[in-house]
K.L.:
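My questions all concern the structure below.
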Amino acid sequence: MDLILWRHAEAEDGSPDSARKLTKDGRDQARRVGAWLKPRLPKRCEVLVSPATRAQETASALGVRFVTAAEVGTDATAAQVIAAVGWPTQPKAVLIVGHQPTLGRVAATLLSGAEADWHFAKGSLWWLRHVDGETKLFAVMHPKLA
């Protein structure tokens, strides 16, 4: 199983939190990472996106269909995200567009076996792959490299 974790790009400050939009730099980050990811995205990849505006805008930059899922929203826990994607038995790849600290905690849990607050830069993605009972970090992309 492949699990791609994409943190929303840079967003404006403000309230309510769920309505915060991407900044100009954030839109550029999302566009660059989306352009890197799109030709590499596995066929039949399920895309689950937080309902928060900044995550929706980030996902839109990819230019593929996605499902809005509260299970990966701003209040989601690492355990909820892991359960929502069916890790590690889901037969197809899943892309999550979500938030910190949740995505860092998901990565820590799946790669180290213990939940921890791992840093996850805005607009970056981590691609995890589970094969033969082992989880490995397959790729990391930072917006400045895309």
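Excluded from the calculations below are hydrogen atoms, water molecules and symmetry mates; all remaining heavy atoms, backbone and side chain alike, are included.
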K.L.:
Tell me the side-chain hydrogen bond (donor to acceptor under 3.5 Å, both in side chains) pairs involving residues 114-125, sequence neighbours left out?
P.N.:
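side-chain hydrogen bond (donor to acceptor under 3.5 Å, both in side chains) check on residues 114-125 returns R105-D117.
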K.L.:
Quick one: side-chain contact (heavy atoms from CB on, under 4.5 Å) partners of A61, sequence neighbours excluded?
P.N.:
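A30.
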K.L.:
Once side-chain hydrogen bond (donor to acceptor under 3.5 Å, both in side chains) is applied, do any residues pair with Q56, and if so which ones, sequence neighbours excluded?
P.N.:
T68
K.L.:
Applying ring-ring contact (aromatic ring centres under 6.0 Å, His included), which residue pairs with at least one partner in residues 16-64 are found, sequence neighbours left out?
P.N.:
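Counting only pairs at least two positions apart or across chains, no ring-ring contact (aromatic ring centres under 6.0 Å, His included) contact touches residues 16-64.
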K.L.:
Strictly by salt bridge (charged side-chain N to carboxylate O under 4.0 Å, His left out), give each pair with a member in residues 37-52 just once, sequence neighbours left out.
P.N.:
none
K.L.:
Show me the donor-acceptor pairs within less than 3.5 Å that the side chains of residues 132-146 make with the rest of the protein, sequence neighbours left out.
P.N.:
unit_1 : atom_1 : unit_2 : atom_2 : d
T135   : OG1    : H130   : ND1    : 2.8
H142   : ND1    : K144   : N      : 3.1

K.L.:
Looking at every heavy atom in both L48 and A84, which two are closest together, and how far apart are they?
P.N.:
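Closest pair (atom of L48, atom of A84, distance): CD1-O, 4.3 Å.
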K.L.:
List for me each residue that meets side-chain contact (heavy atoms from CB on, under 4.5 Å) alongside P39, sequence neighbours excluded, and say none if there are none.
P.N.:
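For P39 there are no side-chain contact (heavy atoms from CB on, under 4.5 Å) partners, ignoring immediate neighbours.
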K.L.:
Once side-chain hydrogen bond (donor to acceptor under 3.5 Å, both in side chains) is applied, do any residues pair with R20, and if so which ones, sequence neighbours excluded?
P.N.:
D17
K.L.:
Show which residues join L22 in its hydrophobic cluster (side-chain heavy-atom contacts under 4.5 Å, direct or indirect), or state none.
P.N.:
none
K.L.:
Does anything in residues 76-88 form a side-chain hydrogen bond (donor to acceptor under 3.5 Å, both in side chains)? List the pairs, not counting sequence neighbours.
P.N.:
T77-Q80
K.L.:
Among all residues two or more places apart in sequence or in another chain, which pass the side-chain hydrogen bond (donor to acceptor under 3.5 Å, both in side chains) test with W127?
P.N.:
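With sequence neighbours excluded, W127 shows a side-chain hydrogen bond (donor to acceptor under 3.5 Å, both in side chains) to D2, given in chain and number order.
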K.L.:
With sequence neighbours excluded, tell me which residues meet side-chain hydrogen bond (donor to acceptor under 3.5 Å, both in side chains) with E10.
P.N.:
T23
